[in-house]
Each structure stands twice: as structure tokens, then as C-alpha cells.
J.: 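Just passing along the structure, written as C-alpha cells.
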2 protein chains.
Amino acid sequence: MIVPTKQKILDAAERLIAEQGYAATSLRQIIAGAGVNLAAVHYHFGSKDELLSSVIERKVGPVNEKRLALLTEYEAEAKGAPVPVEKIFDAFLTPMGKVAGTHPQFVRVMGRVVAEGMLRTVLEKNFPEVQARFFGALRRSAPKMSDEEFEARIQFMIGVVSHTMTMCGPASEGGFEARVERMIRFLSGGFLTPEGGRK
Amino acid sequence: MIVPTKQKILDAAERLIAEQGYAATSLRQIIAGAGVNLAAVHYHFGSKDELLSSVIERKVGPVNEKRLALLTEYEAEAKGAPVPVEKIFDAFLTPMGKVAGTHPQFVRVMGRVVAEGMLRTVLEKNFPEVQARFFGALRRSAPKMSDEEFEARIQFMIGVVSHTMTMCGPASEGGFEARVERMIRFLSGGFLTPEGGRK
DNA sequence: GTCTATACTGAGATAGAC
DNA sequence: GTCTATCTCAGTATAGAC
């Protein structure tokens, strides 16, 4: 079974970036792992940044489709009422958890990318519809929350998910998948906490 | 007023790392900003990593002392009972919020460091007592929570705080300080959510 | 179209002169 | 304590073999 150069590069990049982070992984490590020439990376991908984009795009597409399908299903169940926040988080996190079961390295790559400050780029490139649909659903579930509080809580929740994606170990130790249910509860509890002053 | 070379390097490093992140900031940018020679960095600090440590240690010490003092005060108020979690988060976050008001760049450096995967190093070097005291106080406030759930929620909360430290803009736009009260509520709500299965 | 060999610029680090 | 020169390795770019 012959593996095309392009795929060998993507596989090696995904594995090494998951283990070491993006900045800490050199192209020379990647080509050594893939058994190809340095220039092949630039021929197929153009740059290190675009190689990272390709690693993400290869697997994030199906995850996002599944997320949107689940959210659509839950919205239909709600019959016009706001979708319960637990369901919204479930629709967002479960598809990534499923992928984590079979491709734990990919999930860590996603976490690394967010943690290393490339959140905005990735979000705008691969998540525009997911972002709009999920933020909108959450907003409808908390109509009385102020805009400032809503925006702050969105950022808090991004922090929870990205940190968990980065820090979760291999599937054998539970990994991201084992944390999905706990995250759904934690995020729901935090998001639904009444706004306002403390004693 | 003459400023010693060492301090000029620290100031320039803090400013540039806050703006660009640690990995993205080169020593050559730092020495240009400080107006010193490249070798001066290695003479005074040994390496880029140790320069970062020095940037952190310069300001994190007083913050951690204030944190511990506040926690001690709240524990005395509680007279042996578990400290309310809002108080625990208040003791941890308020001192950093105060620093954010006067030194917003330092707070962003802290966030960057966590976000770029150096959490463990920084935690073990500068936070051992803070970590032990605060995790212990939280544990006593939720005695019935399972160890697995407690550990997961600690990670979730670290994600919230580190992401907020990194992403919060300059003090003029509110910054970290403006998010402290919101964070306390969000973290309390998430941490106190009952453990267990969903419907 | 695909890939190899090689060169270019800028990074962190170090030795040794002063 | 400070600075010059230099080392290695990073990402990138290009010329040309097949």
C-alpha cells in the first residue's frame, strides 16, 4: 500500500504538532517523520502555516457538519422554544469527543492551535457557520443576559474547551472523550448562573 | 535617571511578550527595544526561557502573597467551616485584577505563558504554595465531589482564567480587571453544579 | 506535475576580547 | 559587565532533475 507524499506529510505533522505544539515543531522534524524532502512541504502546502491549516481542514469539516446536524435536530425538538443549553453544548462537544476516540491527536492539534493564539484565524476560516449558529442558539437560551456578560461568558467557555483539548492525554487515559460529559455540566452551570452582584 | 541594563531588558521583554506572545518575540526584538547588546541577555539571564522566568518572578511574588493573605483572612472569617467558593475565587483573582489595573502587560504575559503550554513549569516554580492552599480550600468546599470530577473542574477553571488573561485587552477597554467579578460568578456556578448524569 | 539539492535570512546560543 | 564574531538550526525560496 503506497501512501502519497501529501498524506505522509499531513500524518507526520498531525502527530508531531499534537505531541509538541505547533511552534515547537520544525518542518525538518516533520519531513524526517514523513520520510520526504523539505521542499515537498512547500510544493504541496506553500508554508508551515498552510500545512497547519490543511491538517485541520482534513478532519474538522465532518466534525462541524455533525455539530450543525445535531443542533438542527435539537432545534426541531424544541419546536421554536430556546434549545436547552445542555443540548447546545452536547451538540458542540459530542462530535469532537467521538473523533477523539479514534483520532486523539487531531483533537490535541485543535487545542494547541487555540492555545497558541491562532483561535481567530481558525475560527474565521473553518467555523463561521458553526460559530454563528451556536452563539445564536446560546443567546436565545439566555435572552435576559446583558451583551457584556454574554460576551464574557463566551470567552470563558472557549477557555474551558480549548484548555481541555490541549491538556487531555491519550485516549487510553480517558482523554477528551471522557471529559465531554463533565464539560457539558460545568459549562451549563457556569453559563446559567444568574447575572448580577455578589453579597 | 539611569536605568540598569537588566531592568531595561525586563521592561522591553514584558512589553513585547504581552503584545506578541513568547514564542513570537525574538531576543533581537527585545534588545532593540531595550537598546542593549544581544549577549547582555545571556549574560544577565542565561537564556530566553530564564528571561521569561525573571519577567514573571519580578511581579508574581507580591500577587501571590496578597492571594495567600486574602485566603487566610477568609478562612479566619469562616471559623473552621469551608470557605464559600466565591470567596476562594475572589482571593485568587482580585490581586491579579488589581495588578492588571496598573500593569496590564504583566497579566497578559501570564496568560501567554499558560496558553503557550508552560503552565506546569510556571506553576511548580512560582505557585507551589498558592496551588496547594487554593486547591485544598476548594476541595473542602466540595467534600462530596468525586476526585475525578474535582480534577476535571480544576482543569476547566484553569482554562477560564488563562484564556481570560491572554485575551483581555488593555486596561482602557476594561481588560482583565473588568472581567474578575464575572469570572468569579461563572467559576462559582460551574464549580458548584451538582455532579452526576443528565437527563 | 512531483520532487531533490541547495542557498538565503533570521533565530538562540556561546567564546573570548576588552 | 559589555560587545564582536561566530555557531547551529529554524523557515523559506528557487533552480532544475525526472
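On a predicted model such as this, the values are computed, not experimentally measured, just so you know. Basis for what follows: all heavy atoms, side chains included, without hydrogens, waters or symmetry-related copies. Naming: A, B, ... by sequence-line order, numbering from 1 per chain.
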J.: Can you tell me the distance, in whole Å, between the CD atom of B:Gln20 and the C1' atom of C:dA11?
T.: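 The answer, rounded to whole Å, is 14 Å.
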
J.: State whether A:Tyr43 places a side-chain N or O below 4.0 Å from either non-bridging phosphate oxygen (OP1 or OP2) of C:dC3.
T.: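 For A:Tyr43, the contact criterion (side-chain N or O under 4.0 Å from OP1 or OP2 of C:dC3) is not met.
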
J.: Both A:Lys6 and B:Ser47 contact DNA chain C. Which one's nearest nucleotide lies toward the 5' end?
T.: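 Counting from the 5' end, the first nearest nucleotide belongs to A:Lys6.
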
J.: To the nearest angstrom, how far is A:His44 atom NE2 from D:dT12 atom P?
T.: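 In whole Å, D:dT12 P and A:His44 NE2 are 16 Å from each other.
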
J.: If the test is salt bridge (Lys or Arg N to Asp or Glu O under 4.0 Å), which one of A:Arg185, A:Arg182, A:Arg179 qualifies with B:Glu149?
T.: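 With B:Glu149 as partner, salt bridge (Lys or Arg N to Asp or Glu O under 4.0 Å) holds for just one option, A:Arg182.
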
J.: Taking CD from B:Gln29 and P from C:dG10, how many angstroms apart are they, rounded to a whole number?
T.: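 Checked: the CD to P distance equals 12 Å.
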
J.: With a cut-off of less than 4.0 Å, is there a side-chain N or O of B:Thr5 near OP1 or OP2 of D:dG1?
T.: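 Looking at the OP1 and OP2 atoms of D:dG1, neither is under 4.0 Å from any side-chain N or O of B:Thr5.
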
J.: Which whole-number value in Å describes the distance from A:Ile31 CD1 to D:dC9 P?
T.: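 The answer, rounded to whole Å, is 14 Å.
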
J.: Honestly, is A:Lys48 close enough over A:Tyr22, meaning NZ or CZ under 6.0 Å from the six-membered ring centre and within 45° of the axis?
T.: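 Yes, a cation-pi geometry.
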
J.: If you check every side-chain atom of B:Leu38, which of C:dA13, C:dT6, D:dT4 has the closest atom?
T.: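 Out of C:dA13, C:dT6, D:dT4, the nucleotide with an atom closest to B:Leu38's side chain is C:dA13.
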
J.: Kindly indicate whether a cation-pi arrangement holds for B:Arg139 with B:Phe150, taking the cut-offs as under 6.0 Å to the six-membered ring centre and within 45° of the axis.
T.: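 Yes, cation above the ring, under 6.0 Å and within 45°.
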
J.: Rounded to the nearest angstrom, tell me the gap between atom CG in B:Leu27 and atom C1' in D:dA10.
T.: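 Taking atom C1' of D:dA10 as the reference, CG of B:Leu27 is at 14 Å.
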
J.: Using atom types as modelled and distance alone, determine if a side-chain donor or acceptor of A:Ser162 lies under 3.5 Å from a backbone N or O of A:Gly111.
T.: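 It does not hold such a pair.
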
J.: Just the rounded figure in Å: distance from P of D:dG16 to CG of A:Asn37.
T.: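 Rounding to the nearest Å, CG of A:Asn37 and P of D:dG16 are 17 Å apart.
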
J.: Expressed as a whole number of angstroms, how long is the span from B:Asp49:CG to C:dG12:P?
T.: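 It works out to 11 Å between those atoms.
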
J.: Nearest to the side chain of B:Ser26, heavy atoms from C-beta on, is which of C:dC3, C:dA13, C:dA11?
T.: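 Side chain of B:Ser26 sits closest to C:dA11.
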
J.: For atom NZ of A:Lys59, is the number of surrounding heavy atoms from other residues, nucleotides or ligands below 6.0 Å larger than 12?
T.: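 Result for NZ/A:Lys59: enclosed.
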
J.: Picking from D:dT2, C:dG12, C:dA7, which would you name as closest to the side chain of B:His42?
T.: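 Per side-chain heavy atoms of B:His42, the pick is C:dG12.
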
J.: Scan B:Ala40 against the nucleic acid and name what it touches under 4.0 Å (heavy atoms): base, sugar-phosphate only, or nothing.
T.: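 Counting heavy atoms under 4.0 Å across all strands, no contact is made by B:Ala40.
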
J.: Would you mind reading off the distance between B:Ile9 atom CD1 and D:dC3 atom P, rounded to a whole angstrom?
T.: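 These atoms are roughly 10 Å apart.
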
J.: In terms of side-chain heavy atoms of B:Ala39, which of D:dT12, C:dG12, D:dT4 is nearest?
T.: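 Of the candidates, D:dT4 comes closest.
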
J.: Considering only D:dT12, C:dG12, D:dT2, which nucleotide approaches the side chain of B:Arg28 most closely?
T.: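 For B:Arg28, the side-chain atoms sit closest to C:dG12.
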
